[in-house]
2 protein chains.
Amino acid sequence: MRKDSRLSRMLHVLIHMDRLGGPATSERIAKMLSTNPVVVRRTMAGLREQGYVTSVKGHGGGWSLAMPLHKISLLDIHNALGESSVFTIGLSDEYTHCPIEQAVNKAIKDVLIEAESLLLERFGEVSLDVLAEGFVDLPAPSFDEGKGY
Amino acid sequence: MRKDSRLSRMLHVLIHMDRLGGPATSERIAKMLSTNPVVVRRTMAGLREQGYVTSVKGHGGGWSLAMPLHKISLLDIHNALGESSVFTIGLSDEYTHCPIEQAVNKAIKDVLIEAESLLLERFGEVSLDVLAEGFVDLPAPSFDEGKGY
DNA sequence: TTTCATGTAACTTATGATGTTTCTTAAATT
DNA sequence: AATTTAAGAAACATCATAAGTTACATGAAA
């Protein structure tokens, strides 16, 4: 089943952005992610709406962090990306008034809710500055020269 | 993102099968699930390989439960369906030796592992007989007449 | 006023699950 | 023995949707 790696990739980008002097263009970020500027804009738009990044048009423009990394958690970015569910597991809806289907779906749903709660809680506990720790002086060659890093 | 409802649907089917006198044909199960006999065979094949159901060819053949419901857990069927991961969230692999990407991916992965462990543990605690309880005398009209139930 | 960069809509492509067709194998009924 | 019923399996078609692409509008700086 298809995976959504936007969270991982956006976190990676945000931490590199934190080291950049100025804004990063969609073009530049797209090269880093081996993708395409429009896809970057699409994805970053969600983060901008929630106030984590800002975008500036025109010459010298691009994307910038709107707050320090320690104020951003994995949960924040996860939510900003707006993916409905974290699970590939879904419930059937063929016979919604069959009591057996109801019992089956309730059992599965209860477990999914519990597991998702734990996951979101843990995501909320990790802020991006912690992930960036220990690499403070590291440049970001991937930003400048494609797959160098 | 696409959902995989095979677990929910197969559990539903297995519990109904438990009430049937004889074997259920792929055709019959397919009608119940509004799908197609080949898809049913494909899905049931995994359950057969793990010993939860048996199949018999020819006249009067079809699918039967190979053990009582109390010996089968949600985890058993989940595993038998052979889905690799329960999460839609994936990790990036663009810069596997970038320490930032590594840190990001490790943080996400740790959370996914913890949440998946909880989920699998809970799935293991629920056996199918519990889901079937309280509906002992209920017939399975959905098996006989399409969407009636 | 030209260049650079985002914003947005519309469209195309790629991928993977699901659905379908066709034929084979095997077992029970006639 | 021939027929019918049903699973097994391979090959192919369809569908949903995320990702990628194109094209053009908007806005800001050089």
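Residue numbering restarts at 1 for every chain, and letters A, B, ... go by the order of the sequence lines.
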When the distance from [atom1] of [X] to [atom2] of [N] is rounded to whole Å, what number comes out?
X	N	atom1	atom2	result
A:N36	C:dA14	CG	P	14 Å
B:L33	C:dA17	CG	P	18 Å
A:R6	D:dT17	CZ	P	15 Å

Given [N], is OP1 or OP2 found less than 4.0 Å from the side-chain N or O atoms of [X]?
X	N	value
B:T25	D:dA6	no
B:S26	D:dA7	yes
B:R41	D:dA7	yes

Using the test side chain to side chain donor-acceptor pair (under 3.5 Å), find all partners of [X] that sit at least two apart in sequence or belong to another chain.
X	answer
B:N36	none
B:S85	A:K3
A:E114	B:R122
A:S73	A:D76

Side chain to side chain contact (heavy atoms under 4.5 Å, CB included) between B:V126 and B:L131, worked out: CA-CA 8 Å; B:V126 184; B:L131 301 181; 4.1 Å; yes

Residue pairs, two or more places apart or on separate chains, that pass ring-ring contact (aromatic ring centres under 6.0 Å, His included) and touch residues 105-132 of chain A: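 For residues 105-132 of chain A, and leaving out neighbouring residues, the ring-ring contact (aromatic ring centres under 6.0 Å, His included) pairs sorted by first residue read A:H78-A:F123.
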
Side chain to side chain donor-acceptor pair (under 3.5 Å) contacts in which one or both residues fall within residues 99-110 of chain A, not counting sequence neighbours: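 Of all non-adjacent pairs touching residues 99-110 of chain A, those that pass side chain to side chain donor-acceptor pair (under 3.5 Å) are A:S92-A:E101, A:E101-B:H12, A:N105-B:S8, A:K106-A:D110.
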
Of residues 51-62 of chain A, the positions that come close to DNA chain D - non-hydrogen atoms, cut-off under 4.0 Å: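 Within this stretch, A:K57, A:G58, A:H59 sit under 4.0 Å of the strand.
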
Solution key, residues 53-71 of chain B side-chain donor-acceptor pairs under 3.5 Å, sequence neighbours excluded:
{"unit_1": "B:S55", "atom_1": "OG", "unit_2": "B:R48", "atom_2": "NH1", "d": "3.1"}
{"unit_1": "B:W63", "atom_1": "NE1", "unit_2": "B:S26", "atom_2": "OG", "d": "2.9"}

Distances under 3.5 Å between protein N/O atoms and the N/O atoms of nucleotides 10-15 of chain D, please, pair by pair.
none

